Student: 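Starting off with a structure, shown below.
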Number of protein chains: 2
Amino acid sequence: MQLEVRSKTWLEADGKFIMGEHGIALLDAIDELGSIQHAARRVGWSYRRAWGYLKTMEQHAGVPILVTSHGGTAGGGTRLTPQARKLLRDYKRLQKMVRATIQRKSRLLFSY
Amino acid sequence: MQLEVRSKTWLEADGKFIMGEHGIALLDAIDELGSIQHAARRVGWSYRRAWGYLKTMEQHAGVPILVTSHGGTAGGGTRLTPQARKLLRDYKRLQKMVRATIQRKSRLLFSY
DNA sequence: TACCGATATGTTCGACCGTACATATCGAGG
DNA sequence: CCTCGATATGTACGGTCGAACATATCGGTA
């Protein structure tokens, strides 16, 4: 038997979901591409889905995450707030540490 | 903003779900009570749900988890195999370490 | 001022999942 | 040999969630 240990880590505020791994990937893409549209495409989501995800994210987090603009030739765009960037950094660090813990320890356990 | 970090840990084999926290609680209860019926009640599940959960668990894990008996005045019962007990122990240890990691680190991160 | 590309929303349909309900089976003990 | 309590399964219903489709709006720029 080859057992694998898997895990998910996500953020909540007041018991309400803010974001998980997918949200992180989405925000990363937004940060790089400056657009929800393009970011959604990059991570394989529909614009509708990404938009809904971000909407509830901003509602539940008490912090401004996105700065959006309408119109213009480019149609508008979306950038991240400094707080959002810090959130990304922190989440990734924690994620990395959790993964390391699991990998290091699960090697010892679960041998059959 | 009061952010909380949450996480789930579960076991897979071959990419297929074996069990998570709820399954652990269920197996614990079975170990103590000697019956799926009673264990399910204890953890607030219907017998049907517990049975289905255990079924796929045993299908996906390559290891015998349960020893069941039919009939008799007691109607039968279910006990855990030694492997199942080890699995429980290992999972709980890992879980504890993951939680500790998250708690210790998330204190430092996510301050706004 | 008409156009274009992105944000902003509502809505409907189908898949998936747990819940509820119903039933069959087994076997020691009275 | 009949009863009782637990295992063993099938099925139908309802809610949730993402996917797909349809619009509305905004505002630099040509």
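Given the structure is predicted, the values throughout are model-derived calculations rather than measurements. Here is the naming used below: chain letters follow the sequence lines, and residue numbers restart at 1 for every chain.
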Student: Salt-bridged, A/Asp31 to A/Arg79, with N to O below 4.0 Å?
Tutor: no

Student: Of A/Gln37 and B/Thr73, whose closest DNA chain C nucleotide lies nearer the 5' terminus?
Tutor: A/Gln37

Student: Without hydrogens or angle criteria, can the side chains of A/Thr101 and B/Thr101 be said to hold a donor-acceptor pair below 3.5 Å?
Tutor: yes

Student: Does the distance from a Lys or Arg side-chain N to an Asp or Glu carboxylate O, for B/Glu21 and B/Arg99, drop under 4.0 Å?
Tutor: yes

Student: Using the side-chain contact (heavy atoms from CB on, under 4.5 Å) rule, take B/Met57 and B/Ile65 through it: C-alpha gap first, then chi angles, then the decisive distance, then the call.
Tutor: CA-CA 8 Å; B/Met57 174 192 297; B/Ile65 306 287; 4.1 Å; yes

Student: Ring centroids only, cut at 6.0 angstrom: are B/Trp10 and B/Tyr91 within range, meaning strictly under it?
Tutor: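 No: the rings miss the under 6.0 Å criterion.
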
Student: Taking the six-membered ring of A/Trp45, is the NZ or CZ of A/Arg49 close enough (under 6.0 Å from the centre) and on axis enough (within 45°)?
Tutor: yes

Student: Go through the steps to decide whether B/Leu11 and B/Leu87 satisfy the test side-chain contact (heavy atoms from CB on, under 4.5 Å), and finish with yes or no.
Tutor: CA-CA 10 Å; B/Leu11 300 179; B/Leu87 210 58; 4.2 Å; yes

Student: Within residues 40-58 of chain B, which residues have any heavy atom lying less than 4.0 Å from an atom of DNA chain C?
Tutor: B/Arg48, B/Arg49

Student: Can you find a heavy atom in the side chain of A/Arg42 that is under 4.5 Å from one in the side chain of A/Leu33?
Tutor: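 Yes, at least one pair of side-chain atoms sits under 4.5 Å.
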
Student: Quick check for you: name the first and last nucleotides of DNA chain D, 5' to 3', having an atom under 4.0 Å from a heavy atom of chain A.
Tutor: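 So the contact region on DNA chain D extends D/dG18 to D/dT29.
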
Student: What nucleic acid atoms does A/Thr68 come within less than 4.0 Å of, heavy atoms only: base, sugar-phosphate, or nothing?
Tutor: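 Sugar-phosphate, no base atom in range.
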
Student: Pick base, sugar-phosphate or nothing for A/Gly75, based on heavy-atom distances below 4.0 Å to the nucleic acid.
Tutor: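 Base, at least one base atom sits under 4.0 Å.
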
